[in-house]
Structures are given as structure tokens and as C-alpha cells.
Amino acid sequence: MSFRTDTGGAIDRNTLLRFTFNGVEHTGHPGDTLASALLANGVHEIGSSVKLGRPRGVVAAGSEDPTSLVQVEAPFSEPMLLATTVELYDGLVARGLAGQGKLSSEPDPARYDAKHEHCDVLVVGAGPAGLVAALTAARSGARVVLVDEQNQAGGALLGVDEYLDDRPSAEWVADIVAELKSTPDVLVLERTTAFGMYQDGFVLALQKRTDHLGFAAPASVARQRVWRIRTRQTVLATGAHERPVVFADNDRPGIMLASSARTFLHHYGVLPGSRAVVFTTNDSAYCAAIDLAESGVDIAVVVDARPEAPARLAAECAARGIEVRAGQLVTGTEGPGRVTAVQVGDDRIACDALLVSGGWNPVVSLFSQARGTLRYDAELGAFVPGRELATVRVAGSATGELDLTACTRQGRDAGAGAAAAAGFTSGSQVPLPASDSRCTARSGLVLWRVPGNDDASFVDLQRDSTVADVLRATGAGLRSLEHIKRYTTIGTAHDQGKTSGMIAAGIVAEALGVELSEQRPTTFRPPFTSVSFAALAGRDRGDLHDPVRVTSIHPWHVQHGALFENVGQWKRPWYYPQPGEDLHAAVLRECRATRESVGMMDGSTLGKIDVQGRDAGEFLDMLYTNMMSNLKVGKIRYGVMCGVDGMVIDDGTVIRVGEERYIVTTTTGNAAKVLDWMEEWLQTEWPHLDVHCTSVTEHWATIPLVGPKSRAVLAAVAPSLDVSNEAFEFMTWHDTEVAGVPARVCRISFSGELAYEINVTAWHGLAVWEALMAAGERYGITPYGTETMHVLRAEKGYPIIGQETDATVTPQDLGMSWAVSKKKPDFIGKRSFARAENNRSDRKQLVGLLPVDPAVLLPEGSQIVETDRLPEPPVRMLGHVTSSYPSAALGRTFALALVRSGHERIGETLYVPVEDSLVPVTVTESVLYDKEGARRDG
Amino acid sequence: MQLIPCPWCGPREEAEFHYGGQAHVAYPGDPSALSDEEWARYVFFRENPSGPFAERWSHNAGCRRWFNAVRDTRTHDLLAVYRVGEPMPEVTA
């Protein structure tokens, strides 16, 4: 049976759209939502409730609906949409949900994007107040943005058949929209919900651009767009939501807000049923009763909770044969699913729809998000905006005003005020329309609930939270609405309590015997309506999620099968497996080749900072624990950097390029942080120093050439360079040509082996790498990655900042007192080294660990304990394993660890819990390989 | 997203800025002359007022300059911004 009217509504009856719901095929028309099309087909049961599995239908016609949750299955599976906001398209496939949807496991093929917009006046809501506000501001010459969540302007006017100035309201709306759209610098956005309001006029709005096109949506157009609007002034004309009344079994399908039933009639040409009961506390539902009666619905009775019905409206009802019962209440409902009867006093009244009005709640979410305070309006039974904000005005029914002309006057005042505050003088005045509306909602009775079975009296239909739940919360001693919200979960579902929040506050106040004016409403938070993560992510997905930094040699690594690890945003070769090799096999091979012959790696990601100026030496003396000002031009020094608390924050080499110029290197991940650190001290503490710092990380390709044969390989590609140990000493650098291009070669080593670090401009990085590979071929030159680098340095006990350290480790803890100057009067961190805390003998110190069983590899991060049996908890932890590897050079596994009093424990046996066993380990010095440093000079 | 008025660039979104804690905490002239407690006060102790608070900010993703700002910690309103070296302006919260 069809519940579609023959005429009326903004639908195209000449066009048929086919869709499938819960496996059944139906038809609807362009202009329908999924909800209106289902109701037109007599389908009221949409899904079921999340906890109790009770059938649920459609309560409201718009985004405030708490129940009509569906999952759209085609063209793309999307969960947790409201049937009332899904515009119908041909081929739509959807199903009702039991309170929860299912995310698709397929990637969303649609595009999403974001756009910035700046304006003088933002108007939220294109109902009568918002339209007048926008036009008033636009006529003053202000740059105006008007956003509205529906697919056309009009707001509440879309759901009524009223006349403005003796013509259909749609014509009045169309005229204003036409003028707005033809005004330069005015942007009107339909299907756009302002969902978040933040400081300084920042508003986020979600525009649904192609959702309504379904399969016909062009792939080239972003499906949804997040508008990032920055406005000087805002007018919130966000309207009001009708409020239900709570009574026993108030959650059946077929029970709907009265104004929503009216909207379904006038906007969609859909009747809510054949025979309806209307239950109201105010005048507004009478218009729904009268309009529906005139459209052929049998209105069984209007139940008015007030002691007396309004005489004029009661007379209009009587003229249409509608019974009005004043001073009565709906106390319960019946039905297998959808409502079949309503209990009113002692009478059981058969019906297939129950239309409810408990008054109106101004939509104050955005105002509250903007830190506006709310005030309880006892006559309205709702929280309304309190004091106006400097840049946010509220107009229309969002203020609690429900008379149309008065709403538009507020809109005109707000639009003019906002434009004036933004510096514009008003243009020609927008005339205010007169309405023929007969039903205003003021002079209502505030009624939260009808006493009855509390366990079946639903406050939040989406959360299955009942009056009994609220009373349990207050009975447990909770008094704050914020606490009760969390205890009962009322207002935490997809609808964020649009229809339930005010009622919950009212029931709590009644239960506690306090005035609502003394209650602080719960804080409204973004988003106003659900926003998908896809929309928030926008274009920042996949490759565009985060920049990927690669070196100039990267293509070679890819070609040669390197596996990569992420270090910050950098892709660094991790290791280069040969066929059949796993990580351990490849790393053992790379380590062996490097220690026995020659290896090389791409070190271009190392942070490099060019430090120049007359006071560069003095500056670096303050930043590093060791002396840098006395470094000779041509020399290199390793340096450690600490915070004022004396904890290590970075390390690297400092090379002196000229009298007033140094290049310092940082760890790959800390490059930006160290540059910031330098700038902070230069600008805030030592602005008198003549020093300038610049990042040159990406200017250079850096290739460490490592191993006993590195000298021979370098000699082959750098014929003009004397590579002898005498001419080219450890910790010195030379400018020369390598493979025919200018290069700076530094003799430094992070492995203990004879090693050179070849620096060329990034343009030449790949060519020089290939030349080195060719020159080293006769020695079996082996490219290695970060894993081998880690093993080689760990065998020498060199710490990695961030792996061996965690901001609680001093240079002394690392056994690096040798890198801390005793001569300098001060440097950052020096005073902290003298603190009692820094000199405790039980500090955690860096040591080596050798598992007694040389084949056992300790998991990094393992805890270390003192005894071979675990005592009763709490067990005293001595420290943890920071690095752990199998070693080709040692022929066994080994680890580095931070251990309490570690330096004193060398030689002791400690224990490492690994799964169910305690692994015995011997504590050693941190340097495990070539302790005497014999390999450094080749 | 708050706007922060960089004294060099004008109002910019807060995501461009980096917070630097309490302002006007000078590095001691001679740390070695301080007791452990005095040094610890410099390293670890900072004010935490409810109301106007002078703090350091850096326009990290813009001009990269450090500057000072007085922020009302109750509202996040920035009551004044001023360049390094300038005295803290009088503010009324």
C-alpha cells in the first residue's frame, strides 16, 4: 500500500527510482530521502536497537533523528548513515542496522578534499532567519558564506505549507537565494553542515557534493569536501529541534515527532500512516494534525497534556471532526513491532502512527562549542544561548524565538550587526515577511515524561537508555549531568543527544529536586553530525599521507633489492638481501664483508647544519659538552649535546671548514630538532652572538666507505688525494675530487674500521656511488644498510641516540666522560653534572651483555633482574636491553643494556626474563670488539 | 584553530607555532655559583598561573622567530605579543 500523496512535496513523481532495502525492492522519486521513500512504501521498521534488539523506525525527518541507522551497501559500503539524510538515487542498496554498522574492508574509491574559505560573515542555516541575515550582510558588501545542511534552502519552511506575504514560502526563499547567488563575494553552500566551531572564527563544514548522485557520481569530483572557513563574524541560525515526551514503550516504529510527520507530508508527499494519534504539550502539533487530516489521515485523537486546549485550534479540529482531549496523557503503546494502539487514560486507541510533540529545543551546539554560555528558559523547557559573544550572534528559533516574523527580525539585526562589526555599513533593508502560521509552540507545558514502566521508557533511543537508567545514576549519588551522561551513555551516540539530552537533564533535575537553571548542561563538542574519517583525511591518504624523503642514491637501492626502514620521513636501506637470505643472514654477510674487506652505505640522511659567523666557535662550545673553538681548520671532532638537565639529546661530528665556519652533523631523526635547539639559544639567550645556522642536509650525498680495503678503493677513485695514514689522519678532512667531481672526504668511523666518509653534492651522489661500487668490485665491495651499521657500531659500544638513550641518560652514564670538557667554564648541561642526582652510584649505565649461551639472542627491551629466580612481585628491575644482535665478528650474540650501577657490575652474572625462563648473562664493558682500536688505521 | 599574532608576520594559525614555556627565565649568568636547589629551580620549576602568563613561542613553520606572548590560561586569549628583548607589556585580563 502506498502512503504517497497525489500532489505536493518537492519530489518528481514522473521519475521512478529503484532501490533495495533489507533485500526488498522498492521505488521512490527524485527528491526523496531513503527514509521518506521507505515510509511512502509503508516501511516503518528500519532496524533494531543496539542493546535490547527492539525494532526501531524513523523518529525525525532530519539529521536529529536518533533511530533510522542504515548501512548503504552500493555503490560503496558505508555504515551508520541516517535514512533521513541519505538522498535517494537509482540502484541504492541499503539495510537497516542493529545499532552498529560494519566498516568496509575495501579502500574507499571516492576522492575527498578540503578547501579554505575566508569571509566577513558566515551564516549557518538557511532557514528564514539565516536567509535574512545573509542577505542583510550581503547587501552591505560583506563577503558572506551561507551554509545549510539540506539540499535546498528554506529550513523549517520546507516542512510546512505556509504562506509568507500571501505567496508560497518557497517563492520567498527562492527570491532571496537568487539575490544571494547573484551578489559578488557571496558563497551559498547546500548540503553543507557546519560541524565544528573553534577559536577565532574558525569553522569546519562538511559538504556532501556527490553522495546524492549514487552510481552517477563523477569520479573526478570529490565526493565530500571539508570547508575550513575563517570568518570575522558568525550568525548562527541553526533552528530548533522538536523534543519528544518520554512514556512507556515510546520507541516503537510509527512513533514520530509531530513536526517531522508534517515535514514528510509537505516536503516529500508522504503520510505517516492511515490512522494517527497526536500527543502534544503545545500548539505546534495541532498544525500537523490539521494538515494530515486534510491529506486523508484519520486523526483518531489529539491528546493535549495541558489542562485546557487552545480554543481556536480546538475549534479548527472540531470543524474537521478531530477529537481533542485536554489534560490527558499517552501512558503506553502496543504493537508487535510498529505501533498498533495507544493507551490514553483508560482508553486503548487503535492507530498505526503516534505523533508526539514535547516542545522545541534551540540548536545551540555550535554556540556552545564557541564557548557561549547557555541559560535555562523555563517557559520553553530548554537551554538557550546566554550572553552574546563578540563575534558570534544567534538568530531565529536557535534563540528560542518561534514566531516567524520575529525570527527574521533577529536575522536582519544579526546580519546587520555582524556586517557592521566586520566594518561594513548597511545596504538597503530586507523587508520582513508576514506568516499565516496558526501554530506557535510557545505557551506550552514543559513535560519530560509520563510516569509508567521506567524500564521501557526510553530517554536515548539509540543507546537504549531508559528512565530507569537515569534514576539508577541519580540513585548512585551522581548529580552532575556530565557524570550522568557518562554513566548512562545518554547523548553519546551518533546523534549526540539532539533529541534526548534536554529530556535527560529534565528528568535528572526532577529526580534530584533541583532547578534546571542551577544545572550546567553537558558540553557540546564537535562534530555536530557524523563526519567520516575519509572526509577528514581528504587527499592526505596513501602516498600523500606524509612526505617521503629519499636520497639521491635511492634508485640504486631500489634496483638492488634493498628493504627499507623509515627513519623519520626518510626511507633508509635496511639491508640488501640476496636470494634466500633473511635479515640475519644478510646482516651477517654485510658485517663480515665490511670488517674483512670493504663495505659502504648511504649516509645522506644524516642531518647537516652549516654554522657560520664570528662567534660560531664560542656558540658551539656552549652547545656541545666538549670544546669546539680550539678545533683546527681541517680537523673533525665527535661531540655530544645535552639539555640543561645534563641528559644527552644528540651526538655527531663537528668539522671545522674555516675560521668562522663549521659543519655539524646530527642523527638522522634529530636534524630539525637540533637546528631548532640552536635557533632557540641564539635568539632567546645569546642574540649578541654573530652566528647563523642553515640546514644543508639535502645539499650533500654522504657515503661512508668502510673496511680495511676502503683506502685502496678511495685511492682508485681519488687519484689526486694522498690517502696514506700519514697524509690523511684519522679525524681530518680533505677537499679533493672523487670520481671526477668535487668532494669532501672525512676520515671518521662509526664501526671502528678504517673508514672514509665521502661527501659530494646531491646531484652527483648516484654517480659517485656507482663509481665506488665499480672501484671496489675487485674487493667484493658490499653495500650495507642501517641494520649492519647498528651491529658494527654496537660491537664497538657506540650508542645510538634514542636507542641507548631516552632523555634520562648522561654522557657519564654512556661511559663518555672523555667527551665532556673539564676546561670550559660552562656549557649547556655542565652544572647538572654536579647535581647529587647525577652522581648517584646506582644510575643506569651503558654496559655490554653476553648471554652465557652464545646462541641466545635477547629481545630488545627485555628487563634485567638480579637473581636466577624471580622473587615475589614487585621484582626489582635493574634496567633493560637497548640493542641486541648476533655478531659475525664475535661469533656469538651480544647486547647493550642500561643497568643500575652497570659500570660496577662488570663481570657479574645477571638474568634476563625471556618468556618463561631467566637467561643468564655476563656483564661486560660496552666495547666488545677491537678494544685497543687497532683497526682504525687499516 | 586559534590565530596567533606573530609580531613579525601577523596572525597565523597555531599549527605553525611551537610552544616554549614560561618567558623571562634567563639562563643564569654563572651556573657554577648556584646551589643545587637554585639550579634545579632554573631547570625544573616553572609558574603555572590561572590567568595572564608570559610565555615563549616560536613561529616554527613561518619566520622561525622566537617571541613572547601573554596568554590568559583560563581562556587561551592572547593578551599581548612582543619581540624578544622588549619588556612585557601591561595587560588586563
Side-chain angles (χ1 to χ4, degrees), chain A residues 114 116 118 196-204 226 228-232 370-371 389-391 526 622-623 642-647 672-673 675-689 692-695 822 824-839, chain B residues 1-5 7-8 10-15 17-46 54-68 71-72 74-78 82-86:
Chain A
H116 290 264
H118 295 257
M197 188 153 188
Y198 307 84
Q199 285 153 303
D200 295 325
F202 188 62
V203 175
L204 291 178
V226 173
R228 303 163 58 88
I229 302 167
R230 181 75 70 174
T231 182
R232 292 180 200 277
R371 297 204 201 138
L389 303 171
T391 59
M622 282 302 289
L623 279 194
C642 289
V644 288
D645 58 0
M647 303 302 160
K673 207 171 103 183
L675 183 63
D676 285 349
W677 179 244
M678 291 177 163
E679 285 289 351
E680 179 180 343
W681 286 97
L682 279 175
Q683 290 184 34
T684 66
E685 287 293 341
W686 308 314
H688 58 282
L689 292 185
H692 299 274
C693 306
T694 305
S695 167
K822 310 258 184 315
K824 288 193 289 185
D826 194 25
F827 56 83
I828 295 170
K830 179 180 168 80
R831 176 62 186 82
S832 287
F833 295 152
R835 292 178 66 228
E837 180 65 27
N838 290 50
N839 288 291
Chain B
M1 178 89 75
Q2 190 166 9
L3 291 178
I4 295 178
W8 301 93
R12 295 288 187 274
E13 294 197 340
E14 63 178 286
F17 294 82
H18 179 81
Y19 182 64
Q22 184 179 349
H24 309 300
V25 182
Y27 186 78
D30 181 6
S32 66
L34 301 184
S35 68
D36 267 14
E37 188 183 329
E38 287 166 333
W39 176 250
R41 288 220 159 262
Y42 163 71
V43 175
F44 300 113
F45 286 66
R46 293 295 183 270
E55 353 174 271
R56 305 185 313 156
W57 285 85
S58 148
H59 193 190
N60 225 33
C63 65
R64 295 186 59 76
R65 294 269 204 159
W66 283 86
F67 61 91
N68 294 322
R71 181 177 60 102
D72 189 326
R74 296 164 302 187
T75 61
H76 291 303
D77 289 343
L78 288 171
Y82 52 107
R83 297 176 182 183
V84 169
E86 292 177 355

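Below, chain A is the first sequence line, B the second, and so on; all start at residue 1. Quantities reported herein were computed from a predicted structural model and do not represent experimental measurements. Just so it is clear, the values below take in all heavy atoms, side chains as well, and ignore hydrogens, waters and symmetry mates.
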K.L.:
For B:R65, enumerate each residue passing the salt bridge (charged side-chain N to carboxylate O under 4.0 Å, His left out) test, keeping only those at least two apart in sequence or located in another chain.
P.N.:
none
K.L.:
Does A:R232 have more than 12 heavy atoms from other residues, nucleotides or ligands lying within 6.0 Å of its CZ?
P.N.:
no
K.L.:
Is there side-chain contact between A:D676 and B:H18, with at least one heavy-atom pair below 4.5 Å?
P.N.:
no
K.L.:
Side chain, backbone, both or neither: which part of B:S32 has a heavy atom under 4.5 Å from chain A?
P.N.:
backbone
K.L.:
With a 4.5 angstrom heavy-atom cut-off, which part of B:F44 approaches chain A: side chain, backbone, both or neither?
P.N.:
side chain
K.L.:
Side-chain contact, heavy-atom cut-off 4.5 Å: B:R64 with A:L675?
P.N.:
yes
K.L.:
Please rank B:G85, B:G20, B:S35 by heavy-atom pairs under 4.5 Å with chain A and give me the top one.
P.N.:
B:S35
K.L.:
Do the side chains of B:Y27 and A:M622 get nearer than 4.5 Å, heavy atoms only?
P.N.:
yes
K.L.:
About how many Å separate CE of B:M1 and CZ of A:R228, when rounded to the nearest 0.5 Å?
P.N.:
5.0 Å
K.L.:
Could you look at A:D826 and say if it's the side chain, the backbone, both or neither that has a heavy atom under 4.5 Å from chain B?
P.N.:
side chain
K.L.:
Given heavy-atom pairs under 4.5 angstrom as the criterion, report whether the side chain, backbone, both or neither of B:T75 touches chain A.
P.N.:
both
K.L.:
Before you tell me yes or no, could you show the steps for A:R831 and B:V43 under side chain to side chain contact (heavy atoms under 4.5 Å, CB included), namely the whole-Å CA-CA distance, both residues' side-chain angles and the distance that decides it to 0.1 Å?
P.N.:
CA-CA 10 Å; A:R831 176 62 186 82; B:V43 175; over 6 Å; no
K.L.:
Is chain B contacted by the side chain of A:E685, its backbone, both, or neither, given a heavy-atom distance below 4.5 Å?
P.N.:
side chain
K.L.:
Who among A:K830, A:R371, A:E679 has the most heavy-atom pairs with chain B under 4.5 Å?
P.N.:
A:R371
K.L.:
With a 4.5 angstrom heavy-atom cut-off, which part of A:F833 approaches chain B: side chain, backbone, both or neither?
P.N.:
neither
K.L.:
Given a strict heavy-atom distance threshold of 4.5 Å, which part of B:N60 is in contact with chain A: side chain, backbone, both, or neither?
P.N.:
side chain
